[in-house]
Amino acid sequence: MAPTNTLPAWAELQAHHEIVGKAFVLKEAFKADPERFQKFSTTVKLPADISTEPNGTEILFDFSKNLVTEETLDLLIKLAEQAGLEKKRDAMFAGEKINFTENRAVYHAALRNVTNQEMKVDGVDVMNTKGGVNDVLEHMRVFSDQVRSGEWTGYTGKKLTNIINVGIGGSDLGPVMVTEALRHYGAKDMTLHFVSNIDGTHIAEALANSDPETTLFLIASKTFTTAETTTNANTAKQWFLEKTGGKGDISKHFVALSTNEEEVVKFGIDPANMFGFENWVGGRYSVWSAIGLSVALYVGFDNFYKFLAGAHAMDQHFRTAPLRQNVPVLGGLLSVWYTNFFNAQTHLVAPFDQYLHRFPAYLQQLSMESNGKTITSDGTPAKYQTGAVLFGEPCTNAQHSFFQLVHQGTKLIPADFILAAKSHNPVSNNLHQKMLASNYLAQAEALMVGKTADEVRAEGNVPESLVPHKVFLGNRPTTSILVGGAIGPAELGALIVYYEHLTFTEGAVWDINSFDQWGVELGKVLAKKILKELDEEGNNGEAHDASTGGLLAAFKKYANLS
Ligand SMILES: O=P(O)(O)OC[C@H]1O[C@](O)(CO)[C@@H](O)[C@@H]1O
């Protein structure tokens, strides 16, 4: 396609930004238009049979506190149309190989296709084929039921209640985030560990209090060749065999979640205990696949299925809602607006929800591994900014750390705030939840209205020298997401998919391939080479630049390596 910044709508948006965007005052827009909230907010409703609410949970997306007019949205949608967003979306759902640098389809939506619509890649029905989506789901159902009920036991006949997931990146972040988010639904007799880091501390700490008789290892790796995962998995296997005096039965205690049967077998896992998926599932989208087995084990298969169904509901919305009411499209286009026309560098996501404490970390991989790219579809560098730096922490904690910068710093930080109307823990007569909600509402309002010097003075007793320090410029944009019930499996599924398709929309407009991750390769290859050098006697890193060589030599000296 033509470079995005040469599309007619881009120039129109630039002109619009000069005239309208730069001068836009959010609080004035609310005064001028009493309908602004209604006009700029959209509600998505989940099916009743999967929701926490008897009539179906509504999720309200309030975009009204963004620096936009109706004309801005119209122009952004025009840009999306000119960039071929709908065509690209439809190609993804048609199983076309839109991951063109790896010649792969991007079909994780099939994993949550709970209405069993026809979905094909290369003419093959991925849902109903042998070993396809429905077969793997059935395998996950049977296995998770057996482990949870105690029918599947360890080598001494004990129930497996200690689950250790070994995986990294998408094979870790999704399972960790989702099991934490759904802790309310988790089996009370189960302990979960997630081992990802190559730092030996991670596996050592997980094994320290584990009993081999009751431990189940899930070796989660799409490729089954990732250095961290294979090393941690081998350490786990060695620990298991040592602790059981060689009597431990690997087939009862180790299962693999992978696409690579050959490597799984080499490792010593029975292919019958392998839960497969296909290469059209990207690592960062794999929690919906067999990689989500820890979720199914912890919250039970029925809840896992509701998680898929909530995700599917958001897929359906993304596929069918007109762009102007399409929430992931609007979220993605707002990100384009701030990144490319306001020069914003970041995207803050702050869940007002302790269970969602790993959500920002999960979104970091989703967003930055997808859109941290410079090269566009024709192989040339983009002449505009792409992926923002996504960061976040749960509130109210974040308010007491980095929110100073969000309120009074020199940077524009577009922010998303997420709250559930109902808490799973309405302690102290729901006081905590009301305080949480009051902060959720107050932060967005404060960021918008700010505080003028006159307002500071009117508070009285403020020395004139302090006045500028107490001024808040305001006009800082937020998107508020309000889940109408509690955050259950379906609500969580829908929220994740909102961000997936928001990321898709950004990538489609920026004309980059959001589905590869070549940028992680260089460091991996170099680390392999340096690992050998650490063991080579007399090698003091002379082949490297002076800094790397100097550090390598110093490490060897301090660590007593020769
Ligand atoms: O599941 P695997 O193949 O072990 O890969 C783990 C992670 O590594 C990456 O390839 C990046 O290094 C991610 O995309 C992926 O989620």
Side-chain angles (χ1 to χ4, degrees), residues 136 139-140 143-144 147 152 154-155 160-176 179 190-277 279 281 283-284 286-287 289-298 365 520 523-525 527-528 531-532:
V136 177
H139 190 188
M140 289 171 75
F143 182 73
S144 55
V147 172
W152 181 292
Y155 75 104
L160 300 179
T161 52
N162 187 51
I163 314 290
I164 302 185
N165 187 86
V166 179
I168 196 165
S171 300
D172 168 72
L173 287 162
V176 178
T179 50
M190 218 178 248
T191 307
L192 294 186
H193 300 275
F194 292 89
V195 175
S196 51
N197 203 329
I198 192 59
D199 182 344
T201 297
H202 213 176
I203 184 90
E205 285 291 337
L207 296 177
N209 294 318
S210 292
D211 173 356
E213 293 183 50
T214 56
T215 298
L216 173 66
F217 291 95
L218 312 178
I219 312 301
S221 175
K222 175 179 168 181
T223 55
F224 230 77
T225 56
T226 303
E228 289 91 337
T229 302
T230 52
T231 307
N232 278 323
N234 276 308
T235 301
K237 187 166 82 171
Q238 212 179 330
W239 171 89
F240 179 75
L241 293 174
E242 270 169 27
K243 287 276 174 191
T244 60
K247 289 195 216 101
D249 185 347
I250 296 275
S251 69
K252 287 182 185 285
H253 291 265
F254 282 77
V255 303
L257 325 174
S258 187
T259 59
N260 190 345
E261 184 170 331
E262 199 182 320
E263 286 299 322
V264 166
V265 171
K266 262 197 226 158
F267 178 84
I269 293 179
D270 185 344
N273 296 333
M274 171 173 161
F275 297 79
F277 53 105
N279 74 12
V281 181
R284 50 195 173 275
S286 61
V287 70
S289 73
I291 294 290
L293 186 63
S294 54
V295 178
L297 284 163
Y298 187 49
Q365 188 197 17
V520 299
K524 280 188 199 172
V525 172
K528 233 186 216 172
L531 179 63
K532 276 201 198 121

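Heavy-atom basis, side chains included; hydrogens, waters and symmetry copies ignored. None of these values were measured; they are calculated from a predicted model.
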Hey, does [Y] have a side-chain heavy atom less than 4.5 Å from the side chain of [X]?
X      : Y      : result
Ile291 : Pro175 : yes
Ser196 : Glu228 : no
Ser258 : Ile219 : no
Tyr298 : Ile163 : no
Thr223 : Asn260 : no
Lys266 : Phe224 : no

Measuring from atom [atom1] of [X] to atom [atom2] of [Y], what distance do you get when rounded to the nearest 0.5 angstrom?
X      : Y      : atom1 : atom2 : answer
Arg284 : Lys222 : CZ    : NZ    : 9.0 Å
Ile203 : Ile164 : CD1   : CD1   : 6.0 Å
Met274 : Ile269 : CE    : CD1   : 9.5 Å
Thr226 : Asn232 : OG1   : CG    : 11.0 Å
Leu218 : Asn273 : CG    : CG    : 11.0 Å
Lys252 : Leu216 : NZ    : CG    : 12.0 Å

Mind listing the closest non-hydrogen atom pair of [X] and [Y] along with its distance?
X      : Y      : result
Ile250 : Gly268 : CG2-O, 3.5 Å
Thr229 : Ala220 : CG2-O, 3.8 Å
Val520 : Lys524 : O-CG, 3.4 Å
Ser171 : Ser221 : OG-CA, 3.9 Å

Donor-acceptor contact present, side-chain [X] to main-chain [Y], <3.5 Å:
X      : Y      : answer
Glu261 : Pro271 : no
Asp249 : Tyr155 : no
His253 : Thr215 : yes
Trp152 : Ser144 : no
His193 : Val166 : no

Item checked: For His139, all residues meeting ring-ring contact (aromatic ring centres under 6.0 Å, His included), sequence neighbours excluded -> Phe275
Margin query: Under the rule for ring-ring contact (aromatic ring centres under 6.0 Å, His included), what residues qualify as partners of Phe254, not counting sequence neighbours?
Written below: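 Partners of Phe254 by the ring-ring contact (aromatic ring centres under 6.0 Å, His included) criterion, ordered by chain and then number, come out as Phe217, Phe240.
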Check: Given Leu192 and Leu297, is the side chain to side chain contact (heavy atoms under 4.5 Å, CB included) satisfied, shown in steps?
Finding: CA-CA 10 Å; Leu192 294 186; Leu297 284 163; over 6 Å; no
Next item on the list: Would you check, one step at a time, whether the test side chain to side chain contact (heavy atoms under 4.5 Å, CB included) holds for Phe194 with Thr179?
Entry: CA-CA 10 Å; Phe194 292 89; Thr179 50; 3.5 Å; yes
Does the side chain of [X] come under 3.5 Å of the side chain of [Y] through a donor N or O and an acceptor N or O?
X      : Y      : value
Ser286 : Ser289 : no
Asp199 : Thr201 : yes
Asn162 : Ser210 : yes

Note to self: As a quick check of understanding, evaluate side chain to side chain contact (heavy atoms under 4.5 Å, CB included) for Asn165 and Leu257, giving each step before the final call.
What the structure shows: CA-CA 10 Å; Asn165 187 86; Leu257 325 174; 4.2 Å; yes
